[in-house]
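When a ligand or atom number is given, it counts from 1 through the structure's own listing order.
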Amino acid sequence: MRIRKYFRGSGRVLAFVFIASVIWLLFDMAALRVSFSEVNPQLLKELIVKEREALKHQATTRTPFLKKRGPKLPQQKSDMQRLNEVQFAFKVDEQAGGRAADAAQVTQDLQLGPDKKAARENKDSELKRAHKNAQSDAKLHAKVQVKWPKDLITNTSIRAAPIAVNKQENIAKQGMHVRKEAISDTQKGIHVPSKASVKIPKELPKAPPGAKEEELHLTPKPGKKSPHTTGASKLVVVDKSKNNVLDTGATSEIKADEKAHPKESPAGDDNSLQVKVKEFPKMDKSKDQQSNISIPVNKKEVSKERDGGPGMGKISVLNMKEAGGEVKVNSTVRVRDSGTHKVLHIDVTQHPRDAKVIGQFGQPAEVAKDKEVQVMKMWNEGYFNVYLSEQIPLDRAIPDTRPQGCSEMLVHNDLPTTSVIFCFVDEVWSTLLRSVHSVLNRSPPHLLKEIILVDDFSTKDYLKEKLDEYMSQFPKVRIVRLKERQGLIRARLAGAAVATGEVLTFLDSHIECNVGWLEPLLERVYLDRRKVAIPVIEVISDKDLSYMLVDNFQRGIFKWPLVFGWKPIPEEIIKRDKIKDSDPLRCPVMAGGLFSIDKKYFYELGTYDPGLDVWGGENMEISFKIWMCGGEMEIIPCSRVGHIFRNENPYKFPKDRQKTVERNLVRVAEVWLDEYKDLFYGHGYHHLLNKNNVEVGDLSEQIQLRKNLKCKSFKWYLENIYPDLEAPLVKAEGLIFNLGARKCLVVEKEKLSFEVCDLSRQNQHFNHTWLRHVRQQNVCLALKNAKDDVGPVECDRADPQLRWLHKSHVFNPPLLEHLILEHLPQPACLEADRKGVAVLLRKCDPGSPFQKWQFTNYYAE
Ligand code: UDP
Ligand code: MN
């Protein structure tokens, strides 16, 4: 009733006004809402853009000094970007309140020439500067040198080092960073002198009920000190709970035919190699079986990844199409019940690391002036700074150069075990030991089945009893001694034959494995046993033994005539495919020294061609075999191993070095290259077509193997795995037009003459081949008789008398359009007679149009 009162008289008017204004208000609010919803996406967009920019900025300014682990220098960006990033890095460092970064002095040295010597000299002074800088805690000057070899290929004999991002100051700085970390690690108990422990990371998946996390304790064996090292680490595994020493060292000798695990060694029956195996006693089986690091198994998780495990990202297909587009045979793909864990960070030392000791943290080491003669004296023992190497601790720290995300990468709990195989011949003591220690110290013990050292009949005394004695401390190390020099290929096979791990990991004997190197490799093999996993090979300087990180996004490739090199992936492709620097990269050819392969698969592939001698070509052979016969090869950026690249092989070749390498390459070309082998011979190896110049040995087994494995063609390999290689099958083809006679060459009734040019006439079509033949079907142009008559004869690949130079820079440009018969003492030129009927051989005349010839199409010079 009371309410009704308000709706009477003027109240009614008031009520109306009130209701109207409420309605108006509602409308107004609705309108406002509409306009908000229009504006919001715009705002949102702006926010996202801003956020992205901030992220980008964060990414470009991401710097080692702000992160827990060592620096991940900006990699594989444009040079300017790189330089900017370094500048940023220094700014950020300054902000971070670290050392007062003085004005960041950034210089760019785009070195385009392949002049290695100049590059090296440059690098030397650069490194010296860097070392000085590293010593100065107060001031850091960044001097960046980006090396761009003009040609990625080195000389035909020595394998190239990948492009190093030679930012020594960054490494040096990183070293300092590591130093801090090392100290804090000591506090954490990793570098405790008497007892070091590696804890299973907390992030490991939750163990199922009943599973117990264990600690691995690494303590030095009391009493016995390594005779030849300073601070050498010794890996003795102790099960703390039982206080049992798991690894003990004493030696015993067994013969090759009593190989420890003949059934597991498919090559066990091969008695062609005389092998003497020095084996240290096995660990107590019951204790050995008990995994040193207990990895809980999560039964719920089933691994089905094929294109990349968690954290591995997708495989970068890049220019390469998916291998044949085929569906993989399931038997090669593991699908197991297994959980995952973060890659283990293991870096064991016997003593805390002394930050001041020479070469520590991979920093460049300097030689005192009065020791330079000594350095020169010792250089030839290994063709690197052997003197310095002897001063550097055998278990030195090196900077963790893994790209961002690698330390967080997940790997499966039940990865296969591996046998690490080092072959060596007259290797320098300190580098051999540093190699072995880096494996012992930085590999999860439960994955490292053994280390096999294959002595390829070394001549140095210290590699005999002294090595036996030294290695007797490490029960996982076995020494195989070959009774005659076999070369690295057959030495590796001897190692593989006695290996008992599921995966074979081959390494050179002058390397240093970085932290977390092993699991990412084994993970790839685990996902598909036909994957062959290759670590990023970083550069240990041959001069100052510093550890240099290399540019990511480099693939191993070859150029003609089968010369190995590195090729950076173009920036556009990295952007287009959004390739992360931690993504595995499929790689057409491996560098050779370092890779992991499933042992059974290695044997299914027929191993290496055992007919390859000493050194060279084996990396091509295994690469072609892997790709063409159904496997894959990947570079794994989360796995990094430093390698000393040398300019000469420090060991002797039993036969002529060049001939040995050439012979190996001929074997590879003849077995794998199909019709493309002429590109190999045509790039400077014509002389190898003459069987008197090269004895290749029997190839029938290798050819049969290829048939049995039903391997694909080399054409398939080029089209699918390495499409960026230029590989035209002929240098030129089509009609051959004479500029003077203005007619084309024709073969008629087994004679050469001229006709009006006519593309439809097959007998006017010729090829200029890689063997330099001017060829139609199976006939080739040649000097017919002692006179000057030229005509068609049956082609013969080995006959140098059938080779014609054309568009060749061998002769001066005035003779570019000539066809020059090269075998004569005085090169002679093909000439059309004035009537345009006969074809003759005459003294070369640069001006005569009758000696100038043009093919319809040219594909190569
Ligand atoms: N090697 C060997 N026997 C030989 C030649 C080489 O055992 O006849 C070893 C060598 O000691 C090294 C590995 O094989 O550990 C690879 O050789 P090298 O380092 O000379 O090859 P590069 O790194 O130059 O390709
Ligand atoms: Mn090497």
> Below 4.0 angstrom from a heavy atom of Asn649, which ligand 1 atoms are there? Numbered from 1 as shown, please.
20 (O)
> For atom 25 (O) of ligand 1, what is the nearest protein heavy atom, given as residue, atom name and distance?
Arg159 NH1, 3.1 Å
> Taking the Mn ion (ligand 2) as the reference point, name the nearest N/O/S atom of Asp508.
OD2
> Thinking salt bridges, do Lys567 and Asp724 make one under a 4.0 Å N-O criterion?
yes
> With salt bridge (Lys or Arg N to Asp or Glu O under 4.0 Å) as the test, pick out the partner of Glu634 among Arg524, Arg530, Arg555, Arg586.
Arg524
> Looking only at distances, please establish whether an N/O atom of ligand 1 is found under 3.5 Å from an N/O atom of Asp508.
yes
> Determine the sole option in Arg663, Lys659, Arg485 for which the salt bridge (Lys or Arg N to Asp or Glu O under 4.0 Å) test with Asp613 is passed.
Arg663
> Would you say Ser435 and Ser509 are linked by a side-chain donor-acceptor pair, where the criterion is simply a distance under 3.5 Å?
no
> For Phe602 together with Phe506, are the ring centres under 6.0 Å from each other?
yes
> What protein heavy atom is closest to atom 1 (N) of ligand 1, reported as residue, atom name and distance in Å?
Leu488 CB, 3.6 Å
> Looking at non-hydrogen atoms alone, which of Phe457, Phe422, Trp615, Tyr383 comes nearest to atom 21 (O) of ligand 1?
Trp615
> Is the distance from the ring center of Trp429 to that of Tyr470 below 6.0 Å?
yes
> Does ligand 1 come near enough to Ala491 that some N or O of the ligand is less than 3.5 Å from an N or O of the residue?
no
> For atom 17 (O) of ligand 1, which protein heavy atom lies nearest, and how many Å away is it?
Tyr651 OH, 3.6 Å
> Strictly below 4.0 Å, N to O, side chains only: are Asp542 and Arg646 in salt-bridge contact?
no
> Are His643 and Phe645 an aromatic pair, judged by ring center distance below 6.0 Å?
yes
> Show, in sequence, the C-alpha distance, side-chain angles and deciding distance for Lys652 and Arg657, and conclude whether the side-chain contact (heavy atoms from CB on, under 4.5 Å) test is met.
CA-CA 8 Å; Lys652 288 202 176 73; Arg657 184 185 184 290; over 6 Å; no
> Using 4.0 Å as the upper bound for N to carboxylate O, is an ion pair formed by Glu632 and Lys531?
yes
> Below 4.0 angstrom from a heavy atom of Asp456, which ligand 1 atoms are there? Numbered from 1 as shown, please.
2 (C), 3 (N), 4 (C), 7 (O), 8 (O)
> Under a 4.0 angstrom heavy-atom cut-off, which atoms of ligand 1 come close to Ser509?
11 (O), 12 (C), 15 (O)
> Closest by any non-hydrogen atom to atom 10 (C) of ligand 1: pick that one out of Ala494, Ala591, Cys423.
Cys423
> Only N/O/S atoms count here: what is the atom of His643 closest to the Mn ion (ligand 2) called?
NE2
> Any idea which protein heavy atom is nearest atom 8 (O) of ligand 1, and the distance to it?
Arg485 NH2, 2.7 Å
> Using a 4.0 Å cut-off to any heavy atom of His643, which atoms of ligand 1 qualify?
23 (O)
> Is ligand 1 less than 4.0 angstrom away from at least one heavy atom of Gly487?
yes
> Could you list which atoms of ligand 1 come closer than 4.0 Å to a heavy atom of Val614?
4 (C), 5 (C), 8 (O)
> Quick check, are the ring centers of Tyr722 and Phe558 under 6.0 angstrom apart?
yes
> Below 4.0 Å from ligand 1: does a non-hydrogen atom of His510 turn up there or not?
yes
